[in-house]
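Below: the structure, in structure tokens.
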Amino acid sequence: MDYLIDSVRGEDAPALAHTLLAAWNRDAGIDEAWIRAHRADAVTGEGIAQWQRFIQEVERQPAQRFCRVVRHGDEIVGLLCGRRDETISLGPMYLLQQVQGRGIGRQLMAAFLTWAGGAPIRLWVTAYNERAIRFYEHYGFEATSERHLWRNKLWNLRMTRRAPRNNEANHSERLQAGT
């Protein structure tokens, strides 16, 4: 069965919450109990309501809010969202482990970068997630000196991607196309 990158829909809110919870990497001393204690709020009524509000924002303000999901049959197996405020922020981005390494992340990123239109972008990434860091670096993101200890357990680092100059934009487009 194929994977489909699709716009998020209102009825996706519960599935997004569960995908977010399921996608957590169980490294760096993170176990199921810790994830449930610190992220289970994602699947509560309030957590799902937050997703519903964000989806409504995406639908009402597509130039300001971005969210794509990866569908595999009736299941959501990944997502990438972002927002345009004073700056463009990427996140969250999650892919379930069984779909990583299939080029889906590249497709999601290409859609996001098209939406961002060459503007500078920032994101937070968990510092131990070297695979994600390499992925973002491939797209021109660089780590800054900014760090944040999330929930007294996980160090996150800020990464930024500056607006490309004209010749860099053409190179970036070739990289996204795989040429």
- request: Answer yes when Asp12 and Arg71 have at least one side-chain N-carboxylate O distance shorter than 4.0 Å, and no when they do not.
  value: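 Counted as a salt bridge, because a side-chain N and a carboxylate O are separated by less than 4.0 Å.
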Taking the basic N atoms (NZ, or NE/NH1/NH2) and the acidic carboxylate oxygens, is any pair closer than 4.0 Å for Asp85 and Arg65? yes
Working note: Leu90 + Phe141, criterion side chain to side chain contact (heavy atoms under 4.5 Å, CB included); need CA distance, chi angles, decisive distance, verdict.
CA-CA 11 Å; Leu90 184 155; Phe141 287 87; 4.2 Å; yes
**Study point:** Distance-only side-chain donor-acceptor flag, Thr87 / Arg122, under 3.5 Å
**Key:** yes
Under 6.0 Å from the CD atom of Glu146, do we count more than 12 heavy atoms belonging to anything else shown?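 For Glu146, atom CD is crowded (more than 12 foreign heavy atoms under 6.0 Å).
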**Request:** Inspect the surroundings of CD in Gln97 and state if more than 12 heavy atoms from other residues, nucleotides or ligands are less than 6.0 Å away.
**Result:** no
Side chain of [X], backbone of [Y]: donor and acceptor closer than 3.5 Å?
X      : Y     : result
Asp6   : Val69 : no
Arg102 : Gln98 : yes
Gln64  : Arg84 : yes

Please evaluate residues Thr19 and Val77 with respect to the criterion side chain to side chain contact (heavy atoms under 4.5 Å, CB included), reporting the C-alpha separation (whole Å), side-chain torsions for both, the decisive distance (0.1 Å), and the verdict.
CA-CA 6 Å; Thr19 300; Val77 296; 5.9 Å; no
**Message:** For residues 87-149, which residue pairs pass the disulfide (SG to SG under 2.5 Å) check, not counting sequence neighbours?
**Reply:**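 Residue pairs with at least one partner in residues 87-149: there are none.
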(message) According to salt bridge (charged side-chain N to carboxylate O under 4.0 Å, His left out), does anything in residues 130-139 pair up with another residue at least two apart or in another chain? List the pairs.
(response)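 Listed once each, the pairs would be none.
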To the nearest 0.5 Å, atom CZ of Arg147 lies from atom CH2 of Trp155 at 9.0 Å
- Task: Would you give the length of the straight line joining atom CD of Glu11 to atom CD1 of Ile55, rounded to the nearest 0.5 angstrom?
- Result: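 Taking CD in Glu11 and CD1 in Ile55, the distance rounds to 8.5 Å.
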- [ ] Given side chain to side chain contact (heavy atoms under 4.5 Å, CB included), test Val70 with Val99 step by step and report yes or no.
- [x] CA-CA 10 Å; Val70 181; Val99 299; 5.6 Å; no
Can you classify the ring geometry of Trp124 versus His148 as parallel (below 30°), tilted (30 to 60°) or perpendicular (above 60°)? tilted
Across all chains, not counting sequence neighbours, the side-chain contact (heavy atoms from CB on, under 4.5 Å) partners of Ala15 are Ile76
Phe66 vs Cys81, side chain to side chain contact (heavy atoms under 4.5 Å, CB included): CA-CA, chis, key distance, verdict:
CA-CA 5 Å; Phe66 176 93; Cys81 300; 5.5 Å; no
Close side-chain approach of Ile88 and Trp115, heavy atoms under 4.5 Å
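Sidechains of Trp115 and Ile88: in contact.
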Taking the side chain as C-beta and beyond, is there a heavy-atom pair between Leu123 and Tyr136 under 4.5 Å?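 Touching, per the 4.5 Å side-chain cut-off.
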| Where do Thr144 and Arg158 land on the side-chain hydrogen bond (donor to acceptor under 3.5 Å, both in side chains) test, with the steps shown first? | CA-CA 6 Å; Thr144 70; Arg158 171 73 76 192; 5.6 Å; no
